[in-house]
*Asks:* 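One structure coming up, written as structure tokens, with questions to follow.
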Amino acid sequence: MLKDLVETKIIKAIEIAISKGQMGELKDCPDSVLVELPKNPEHGDRAISIAMKLTKEAKIPPRSIAEAITKYIDRSGLTEVEIAGPGFINLKFDWNTFEETVAEINSKQENFAQLNERNKPEPDVKSVLLEYVSANPTGDLHLGHGRQAVLGSALANLFKKAGYKVHNEFYINDAGAQIEKLGKSCKEAILINEGLMDKSAYDEENNYPLDSILEFITKDYYQNKIGVDYKAISEYEYAQLAKQRFLDAQKDILEKAKVPFEKWYSEKDSLHINGKVEAACQRLLEKAKAYQEDGALWFKAKEFGDERDRVLKKQDGKFTYLAADLAYHQDKLSRGFDRLINLWGADHHGQIAGMKGILEAAGEDSSKLEIVLMQMVSLTKNGQEVKMSKRAGDVVTITDLIAEVGLDAFRYFLVESQANNRIVFDLELAKKQDKDNPVYYIQYAHARCASIIRNISEERMNTETQKLEPALVDKKLLAQWQEDFKSSKNLFALNFQGLSEVEEKSTKQLILFLAQYPDLIYEAALNRAPNKIAHYLKELASIFHQFYTHNRVISDNQELVKSRLSIVSATKTILKDGLDILAISAPEKM
RNA sequence: GCGCCAGUAGCUCAGCUGGAUAGAGCAACUGCCUUCUAAGUAGUAGGCCAUAGGUUCGAAUCCUAUCUGGCGUACCA
């Protein structure tokens with residue numbers, strides 16, 4: 001990797017400079033060095049700011065440090081080493097280094113940025129359990145869930161790329177008050193629909209909206225499931241059957257949205273029925289971290305940094321979500337994950353202290369639990385905000401939204417922003433299939449790469465003579481080329497002789513940016529920020545379009561065609577790889 | 001009241017583990033299709049990085065306070 005190459009050179013140079021006593025009071029060589037892609041190309045192909053950072057410890061001015069380092073830098077592969085500004089060390093590479101970078105991408109392909117035990121971020125975190133969406137099975141998924149689903153699945157892909165083992169889990173909240181409410185709502189809704197109950201008796205305040213229930217549940221559904229009279233079953237049975245229906249619908253849409261869960265974890269079946277919640281509470285009681293008061297069981301949350309104590313078991317004998325969450329997270333930890341990452345809506349941020357506190361109280365290591373908070377998503381249509389009130393029943397479901405804007409745009413707009421920022425989802429923009437829409441901009445770059453590769457090996461219509469001309473390169477030769485692309489043949493220096501300034505600049509700019517990709521994976525995974533991938537791709541697309549404009553690939557000069565095609569091929573690989581992480585399609589043709 | 005998140009070009013956002021003149025896209029204006037997809041590209045214009053202090057060689061980035069907006073502050077989840 002280009003970064004490793006530079007880092008090694010710098011570290012070696014620092015070591016030599018220290019041994020020669022030219023680094024002031026600095027004794028220990030840093031074990032990593034920040035290697036940056038300068039914004040301004042005049043500042044070199046890569047820039048190192050280490051001299052400024054070492055100045056405090058070395059107690060000599062940054063420029064003196066830079067001078068000492070540059071004196072001992074191994075110059076192979078470099079054409080220029082320059083000290084600039086307050087003490088930046090700016091490097092420029094020779095064509096061979098550029099060619100090796102392209103060859104590395106073409107040879108490793110989708111593994112170019114595959115990090116591993118050796119170079120992944122957080123070496124001590126090898127396996128991660130990602131829990132997200134975790135909606136109540138009482139309705140369709142809405143936009144907020146959609147954001148979690150997209151971010152979560154993109155994060156899972158990103159983690160895999162960054163060398164983590166990932167397990168995706170959906171926690172089914174199928175116990176408690178929501179489910180009881182669901183049973184009552186469903187039973188009454190069916191009875192009303194069958195004319196057996198007066199609509200005015202339906203408690204809209206405390207039930208789910210009638211219309212949204214009836215959209216999913218019918219008399220026939222129950223009739224078919226139970227085979228006896230639907231009127232005969234209890235609210236509990238209504239709830240269980242409705243739950244299954246909603247859950248199936250959620251599974252269905254999530255699968256379509258490329259959100260893969262390895263496990264659907266039922267709160268009811270895995271925690272309540274087998275007494276795990278009760279047991280977890282009991283253990284807290286034994287540790288004297290819980291107490292009885294006013295007929296309820298309380299957790300001493302205040303001892304663990306929360307604002308007040310929290311109820312675990314209510315007066316009515318039922319457990320709160322906190323009790324179940326404790327049991328659930330202990331179960332997760334017992335499965336041996338190094339890190340538990342939960343994606344939560346920002347409206348739940350108040351629960352973090354309680355959740356971490358109760359794990360501590362239970363004797364667990366709460367630092368293994370990490371909560372990623374996501375701010376709200378709102379929807380605008382023609383500049384007007386679309387209200388999404390569950391009560392009013394006009395929730396915008398992700399099923400509707402995907403049908404309306406398409407999966408690629410849906411995923412892109414929900415992953416583009418960082419989790420901390422609110423999203424205003426612009427329906428009109430997402431629906432646009434033109435340059436205003438960044439999804440198409442990125443996909444177009446990929447399709448362009450594909451098209452060039454295709455055109456080279458296919459017969460082409462000459463627009464002047466209206467005759468079919470033979471392919472520039474036949475399929476066999478192209479296959480041979482693609483093998484050649486995997487190794488550095490020292491062709492760039494030869495074939496790129498006499499490039500114009502703009503040609504050379506745009507070519508180098510593209511390769512330098514491609515070389516950044518593994519660093520991006522590292523950064524994005526460490527920061528749990530798949531949005532960085534989206535922004536990188538947008539910029540890569542832009543840089544590629546510039547390259548495309550200034551460097552005609554297909555020409556009579558076969559050797560030049562070959563050199564440029566190797567760059568196009570590498571670009572296509574990276575675009576596809578990034579789009580795969582976001583689970584957005586990479587079309588060969590548009 | 002207290003807590004969390006945000007406040008960067010007219011709009012949507014990057015940049016935030018301090019670094020060299022603050023970047024894109026859209027919208028506005030001027031160019032570029034006989035040539036690999038113009039779903040593209042070249043350029044012009046647009047900014048007291050919410051405000052005020054502080055930390056230092058250096059701050060959009062870190063700290064403190066203030067202002068504005070969103071969210072939370074249950075024996076709901």
Side-chain angles (χ1 to χ4, degrees), chain A residues 34 36 38-40 42-43 47 49 52-53 55-56 61-62 84-88 90 134-136 138 173 175-178 181 267 293-298 307-308 310-322 324-325 345-353 373-376 378 383 413 416-424 426 429 432-441 443-445 447-456 460 462-464 472 502 523 526-527 531-532 534-536 538-539 541-542 544-546 548-555 561 564-565 568 589-590:
Chain A
L34 191 64
E36 289 170 298
K39 281 172 256 174
N40 185 342
E42 281 169 26
H43 296 147
S49 56
M52 276 96 82
K53 293 189 166 65
T55 189
K56 244 182 207 140
F88 289 98
N90 297 336
S134 296
N136 295 331
T138 57
N173 290 144
Q178 299 295 325
K181 189 166 124 181
E267 178 186 354
E293 192 176 294
D294 299 335
L297 180 68
W298 295 75
E307 297 167 353
R308 67 171 71 78
R310 304 282 173 183
V311 171
L312 293 167
K313 196 174 188 178
K314 299 183 266 180
Q315 281 178 337
D316 63 6
K318 288 171 182 145
F319 293 102
T320 59
Y321 72 89
L322 185 62
D325 271 354
D347 52 341
H348 291 253
H349 81 261
Q351 294 166 30
I352 297 175
L373 286 180
M374 271 174 311
Q375 295 295 322
M376 301 293 134
S378 59
F413 283 102
E416 178 196 41
S417 290
Q418 51 181 342
N420 273 342
N421 286 347
R422 347 179 13 203
I423 292 182
V424 179
D426 185 336
L429 177 61
K432 273 192 184 172
Q433 305 219 346
D434 64 19
K435 61 177 180 170
D436 291 358
N437 189 337
V439 190
Y440 290 90
Y441 184 78
Q443 291 179 322
Y444 184 56
R448 256 189 171 169
C449 293
S451 162
I452 293 169
I453 297 169
R454 210 167 37 236
N455 283 335
I456 278 180
R460 297 185 56 246
N462 186 317
T463 43
E464 270 178 38
L472 199 69
V502 66
E523 280 296 307
L526 186 62
N527 293 299
N531 63 297
K532 284 178 191 283
H535 286 283
Y536 174 88
K538 214 154 75 167
E539 199 172 345
S542 166
F544 173 71
H545 287 312
Q546 286 169 46
Y548 174 92
T549 304
H550 298 303
N551 301 271
R552 211 186 145 69
V553 177
I554 297 175
S555 72
V561 172
R564 283 180 171 158
L565 193 66
V568 172
K589 219 177 219 175
M590 284 173 83

*Asks:* In Watson-Crick or G-U wobble terms, both distances under 3.5 Å, what is the partner of B/U73?
*Replies:* B/G1

*Asks:* Report the nucleotide, chosen from B/C13, B/C75, B/U41, that has the shortest atom-to-atom distance to any side-chain atom of A/Asn421.
*Replies:* B/C13

*Asks:* Can you find a donor-acceptor N/O pair under 3.5 angstrom joining the side chain of A/Asp325 to the base of B/A77?
*Replies:* no

*Asks:* Would you classify A/Met590 as touching base, sugar-phosphate or nothing, given that sugar-phosphate means primed atoms plus P, OP1 and OP2, and contacts are heavy atoms under 4.0 Å?
*Replies:* base

*Asks:* Is B/C33 in the syn or the anti form, by the rule that syn lies within 90° of 0?
*Replies:* syn

*Asks:* Determine which nucleotide pairs with B/A6, using a 3.5 Å limit on both distances of a Watson-Crick or G-U wobble pair.
*Replies:* B/U68

*Asks:* Does A/Lys318 place a side-chain N or O at less than 4.0 Å from the phosphate oxygens OP1/OP2 of B/C76?
*Replies:* no

*Asks:* If pairing requires Watson-Crick or G-U wobble contacts with both distances under 3.5 Å, which nucleotide is the partner of B/U17?
*Replies:* none

*Asks:* Would you indicate which nucleotide in B/C13, B/A20, B/C36 comes nearest to any side-chain atom of A/Asn455?
*Replies:* B/C36

*Asks:* Among the candidates B/C76, B/C5, B/C36, find the nucleotide nearest to the side-chain atoms of A/Asn420.
*Replies:* B/C5

*Asks:* Taking any strand in view, what nucleotide pairs with B/C29 in a Watson-Crick or G-U wobble way, both distances under 3.5 Å?
*Replies:* B/G43

*Asks:* Can you tell me which nucleotide in B/C36, B/A77, B/A20 comes closest to the side chain of A/Ala47?
*Replies:* B/A20

*Asks:* Does A/Val439 offer a backbone N or O that forms a donor-acceptor pair with the side chain of A/Asn437 under 3.5 Å?
*Replies:* yes

*Asks:* For A/Leu472, which of A/Asn455, A/Leu565, A/Val561 qualifies under side chain to side chain contact (heavy atoms under 4.5 Å, CB included)?
*Replies:* A/Val561

*Asks:* If pairing requires Watson-Crick or G-U wobble contacts with both distances under 3.5 Å, which nucleotide is the partner of B/A22?
*Replies:* none

*Asks:* Of the candidate nucleotides B/A20, B/U41, B/G19, which contains the atom at the shortest distance from the side chain of A/Lys53?
*Replies:* B/G19

*Asks:* Is the side chain of A/Thr320 donor-acceptor paired with the backbone N or O of A/Leu312 at a distance under 3.5 Å, no angle test?
*Replies:* yes

*Asks:* Answer with yes or no whether A/Gln351 presents, from its side chain, a donor or acceptor under 3.5 Å of a partner atom in the base of B/A77.
*Replies:* yes

*Asks:* Between A/Ala447 and A/Ala177, name the one whose nearest nucleotide on RNA chain B is closer to the 5' end.
*Replies:* A/Ala447

*Asks:* In whole Å, I'd like the distance from the CG atom of A/Leu373 to the C1' atom of B/C5.
*Replies:* 8 Å

*Asks:* Among B/A20, B/C75, B/A14, which nucleotide has an atom closest to any side-chain atom of A/Val311?
*Replies:* B/C75

*Asks:* Starting from P on B/U61, measure out to CD on A/Glu523 and report it in whole angstrom.
*Replies:* 19 Å

*Asks:* Do A/His349 side-chain and B/G3 base share a donor-acceptor contact under 3.5 Å?
*Replies:* yes

*Asks:* From B/U41, B/A74, B/A77, pick the nucleotide closest to the side chain of A/His348?
*Replies:* B/A77

*Asks:* Check whether NZ of the Lys or CZ of the Arg A/Arg448 lies under 6.0 Å from the centre of the six-membered ring of A/Phe544 and within 45 degrees of that ring's axis.
*Replies:* no

*Asks:* Side chain of A/Lys532 only, please: which of B/C76, B/G15, B/U41 is the nearest?
*Replies:* B/G15

*Asks:* Identify whether any heavy atom of A/Thr549 sits under 4.0 Å from a base atom; if not, whether one sits that close to sugar-phosphate; answer base, sugar-phosphate or nothing.
*Replies:* sugar-phosphate

*Asks:* Compare the minimum distances between each of B/C76, B/G70, B/G72 and the side chain of A/Asp347, then state the nucleotide with the smallest one.
*Replies:* B/G72

*Asks:* Applying the Watson-Crick and G-U wobble criteria at under 3.5 Å, what pairs with B/U56? Answer none if nothing qualifies.
*Replies:* none

*Asks:* Which nucleotide wins on minimum distance to the side chain of A/Tyr441, given the candidates B/G40, B/A77, B/G19?
*Replies:* B/G40

